[in-house]
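So the structure is just underneath, and the comments pick up after that.
Just so we're clear, the structure is a prediction, and the values are computed from it rather than from any experiment. Just so it is clear: chains get the letters A, B, ... in the order the sequence lines come, proteins before strands, and each one is counted from 1.
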Amino acid sequence: MNIFDNYLLEINDIILSNKDILNLENLENLNNVNLEIPPEHFDFDLSTNVSLVLAKENKINPNSLANSIKDLLLKKINHFEIIEVAGPGFLNIKLSKEGIANNIDDILENRDSYGSKKSNETYNIEFVSANPTGPMHVGHCRGAIFGDVLSNLLSFNGNQVVKEYYINDYGNQIKNFVESVYLRIREIKFQEKFPVKENLYPGEYIKEIANNIIKNNNKIKVDNFNNSFEELKKLSLEGSMSLIKNDLKQLGITHDIFFSETEIVKKNLVNKAIKKLKNKNFVEEGFLDPPKGESFKNWKKVKRLIFKSSKFGDDTDRALQKNDGSWTYFANDVAYHSDKIDRKFNKLINILGADHTGYIKRISAAVSALSNFQVSLNCKVCQLVKLYKNGKPFKMSKRAGEFISAQDLLNEVNKDAIRFMMLSRSNDIELDFDFEKVKEKTKDNPVYYVQYAYARINSIIRIINKNLDDKITIDKKSFSLNEFEEKILRKIFEWPKIIESASLKYEPHKIPFYLYELSTLFHAYWSKGNENNEFRFIENGALKREESLAFLHLIAIVIKNGMNILGVSLPEKM
RNA sequence: GCGCCUGUAGCUCAACUGGAUAGAGCGCUUGGCUACGGACCAGGAGGUUCUGGGUUCAAAUCCUAGCAGGCGCACCA
């Protein structure tokens, strides 16, 4: 259900079947034709560039073509009442009363699915994937919320979406992490001082994990690190993952699958994946050049397995083995993505932090190579979150053990405000996040502004003893709209467009912007009622006009659909 | 040195992915409430869309050469 798609289809059909009358020979660019909302000052419902597009390739004057098309459309589409040719050849269209009524009915009929566009892809979205060496920090929250909302958005359109978390529970960092827990346990048990050592994790949460391990495993031995490593690793990872999962839960985020890197190694998936690439001649033994830029003291020229990612647009080929012959992180990740491909997703999406930008080309290359370009991997990068408190910058430093955790944030700000705020910027730009501002309950804080609009609608519905779940229809003959309602209705017709472009480019930030604008129109309408009785919805506890009930429903439907996708709650009273 | 991202009003950002007179919020400024919920609204001022060149009916958007800022450039994860 999409007002634009429906009418555009009709327009295209009419053009096609009347190409002779219109003197058109070339119609190849018909799919470049679009139907949109015209700029506000034109006061029209729809606008199309059809004559501009077709005039060009047929080398005729766009204005005269526009006039011919105008006559044709007025004759053939009875929902189109007035059409005006404007500017270089745009067609601005006003819908008839019947046309408007039909579209309103469609929305009231479709409700929860209004705005969705049927699509049937299978998506795998990997997001968060924070290292399991400690709780989430604020930077992770952005990617976490982005991934969650993108998943909601794609599900809203009917796609199959699997949300996945890749646990990097392998390698040196985990060893250091487990050792840190080990030493904290010894500290607690034997009052040994926790050493100051470069690679250890000094954070307070390590003590928490250590304490929990002691509490639940009174037989655990900590005499020798190597001997107790495996058991301690398991327990420590459980400890840190439960911290992370708890953070995610409080942010309203769930994953369908937690995929362990250790499992990949254990199941020998790396060998399998590398063999696949070898068979295609994309892997060979060889030498890499030393890295440019900084100098690396540990770099050695050693013969090793190399993935020829430069054949797929990467800047250089990439190592699959370390000096000692063991697999690199990248090799494990190739295996992981090979597994995703085997699980038959046709679209893969990874949500990454800005510090992983340099990794995109090589992993995309791997997916292209493994799938013969059949599966697309799209990496969305979330730029940094810059924290402020009362205008003063807040610094994070995980190494020093003094980072602002997701928990710190959640202690001060509620989930709804965090989610809305984190999405109120395009993922491509840095986000300034001020603790104090997000706590404000004013229009400076857009989430309350939108919620407030919804609460106001509910207060009317309460007064007249109705329910937003009630099925309603409008009287197509008698209904009429005032200027405010016309404006709001056009905004509501725009909703499917927002969803379409947000899901096409994976840009969920369009939704908060849109909801804010819709709320603005509603608040303006409401305030007019305070000035002028004529514009009030109710009088003496009863509805003044039947159509205003439909109106309140329309707005509520769109706000609700939008906030559901954002995962932000909508209180009926505030 | 190389790659990715960004550059739009004093500040923070939009702009339906090539459309018409580039829009919001904050800030500044002038007004409006004892309420259908003021957690709100209306008006005003504010622009060489970083710079130069190109593509076309049409460029903030595409191409190209620069400039400025951010992130990254491993056999770490």
task = Name the orientation class of the two ring planes belonging to A:Tyr201 and A:Phe177 (parallel below 30°, tilted from 30 to 60°, perpendicular beyond 60°).
result = perpendicular
Restricting both atoms to N or O, compile the protein contacts to nucleotides 56-63 of chain B shorter than 3.5 Å, with distance only.
none

key: Comparing A:Glu261 and A:Tyr525 on RNA chain B - which has the more 5′ nearest nucleotide   = A:Tyr525
request  = Identify the heavy atoms of A:Tyr514 and A:Ile492 that sit nearest to each other, and give their distance.
outcome  = OH-CA, 3.6 Å
Please list, for nucleotides 45-47 of chain B, all pairs of protein and nucleotide N/O atoms separated by less than 3.5 Å.
none

inquiry  = Mind checking if A:Gly358 touches a base, just sugar-phosphate, or nothing, with heavy atoms under 4.0 Å?
reply    = sugar-phosphate
key: side chain to side chain donor-acceptor pair (under 3.5 Å): pairs with one or both residues in residues 418-428 of chain A, sequence neighbours excluded   = A:Asp148-A:Arg419
key: Residues in side chain to side chain contact (heavy atoms under 4.5 Å, CB included) contact with A:Asn168, at least two apart in sequence or another chain   = A:Asn131, A:Pro132, A:Tyr166, A:Gln173, A:Glu261, A:Tyr329
Centroid-centroid distance, A:Phe146 to A:Phe127, less than 6.0 Å = no
message = So if I define the base as every atom that isn't primed, P, OP1 or OP2, how would nucleotides 9-17 of chain B read as a B/S/- string at a heavy-atom cutoff under 4.0 Å?
response = ---SSSSBB
query = To the nearest Å, how far apart are A:Arg318 CZ and B:C76 C1'?
reply = 14 Å
request  = Using a cut-off of strictly less than 4.0 Å, decide whether A:Trp526 has a side-chain nitrogen or oxygen near OP1 or OP2 of B:G38.
outcome  = yes
message = Any base atoms under 4.0 Å from A:Ala86, or only sugar-phosphate, or nothing? Heavy atoms, all strands.
response = base
request  = Please state how far atom CG in A:Asp317 lies from atom C1' in B:C73, giving the value in whole angstrom units.
outcome  = 15 Å
key: For A:Glu539, side chain to side chain contact (heavy atoms under 4.5 Å, CB included) partners two or more places apart   = A:Lys544
query = Regarding A:Glu164 and A:Tyr336, is there a side-chain donor-to-acceptor distance under 3.5 Å anywhere?
reply = yes
request  = Compute both the distance and the angle, then confirm whether A:Lys94 meets the cation-pi test with A:Phe44: under 6.0 Å from the six-membered ring centre, within 45 degrees of the axis.
outcome  = yes
key: Partners passing side-chain hydrogen bond (donor to acceptor under 3.5 Å, both in side chains) against A:Glu430 (at least two apart in sequence or in another chain)   = A:Lys386
task = Name the closest nucleotide to the A:Asn92 side chain, picking from B:C4, B:A20, B:G37.
result = B:A20
ask   = With both distances kept under 3.5 Å, what pairs with B:C11, Watson-Crick or G-U wobble?
value = B:G25
ask   = How long is the line joining CZ of A:Phe484 and C1' of B:C40, in whole Å?
value = 14 Å
request  = Mind checking side chain to side chain contact (heavy atoms under 4.5 Å, CB included) for A:Glu486 and listing every partner two or more places apart, or none if nothing turns up?
outcome  = A:Asp43, A:Leu481, A:Arg490
task = Any pair with a residue in residues 353-368 of chain A that passes salt bridge (charged side-chain N to carboxylate O under 4.0 Å, His left out), sequence neighbours left out, goes on the list, sorted by first then second residue, please.
result = A:Asp315-A:Lys361
ask   = Considering only heavy atoms, which members of residues 458-465 of chain A lie under 4.0 Å from some atom of RNA chain B?
value = A:Ser459, A:Ile460, A:Arg462, A:Ile463
request  = State, with a plain yes or no, whether a side-chain heavy atom of A:Val447 is found less than 4.5 Å away from one of A:Gln451.
outcome  = yes
remark   = Sorted by chain and residue number, the side chain to side chain contact (heavy atoms under 4.5 Å, CB included) partners of A:Ala453 (sequence neighbours excluded) come out as A:Ser519, A:Phe522, A:His523, A:Ile559
query = For the pair made of NZ in A:Lys487 and P in B:G23, what is the distance, rounded to whole Å?
reply = 13 Å
task = For the pair A:Tyr388 and A:Phe435, evaluate ring-ring contact (aromatic ring centres under 6.0 Å, His included) and give the outcome as yes or no after the intermediate values.
result = CA-CA 6 Å; A:Tyr388 293 86; A:Phe435 270 66; over 10 Å; no
query = With sugar-phosphate meaning primed atoms plus P, OP1 and OP2, does A:Lys544 contact a base, only sugar-phosphate, or nothing at under 4.0 Å between heavy atoms?
reply = nothing
message = For B:U21, is there a stacking contact with A:His41, counting only centres under 5.5 Å and planes under 30°?
response = yes
key: Whether A:Phe90 stacks on the six-membered ring of B:A20 base, 5.5 Å and 30° limits   = yes
key: Given B:G37, B:C71, B:A20, the nucleotide with the shortest approach to the side chain of A:Leu384   = B:C71
remark   = Sequence neighbours excluded, the answer for side-chain hydrogen bond (donor to acceptor under 3.5 Å, both in side chains) partners of A:Ser310 is A:Asp317
request  = Measure from the side chain of A:Lys322, starting at C-beta and using heavy atoms only, and say which of B:C41, B:A77, B:A35 lies closest.
outcome  = B:A77
Integer-rounded Å distance: B:C71 P and A:Ile360 CD1 = 16 Å
query = In the strands shown, is B:C2 matched to any nucleotide by a Watson-Crick or G-U wobble pair with both distances under 3.5 Å, and which?
reply = B:G72
ask   = Under 4.0 angstrom, heavy atoms only, what part of the nucleic acid is A:Ala55 near: base, sugar-phosphate, or nothing?
value = nothing
message = By the 4.0 Å heavy-atom rule, please label A:Tyr170 as base, sugar-phosphate, or nothing.
response = sugar-phosphate
query = If you look at every strand shown and take non-hydrogen atoms under 4.0 Å, does A:Asp355 touch a base, only sugar-phosphate, or nothing?
reply = sugar-phosphate
key: Whole angstrom value for the distance that separates P of B:G25 from CZ of A:Phe420   = 14 Å
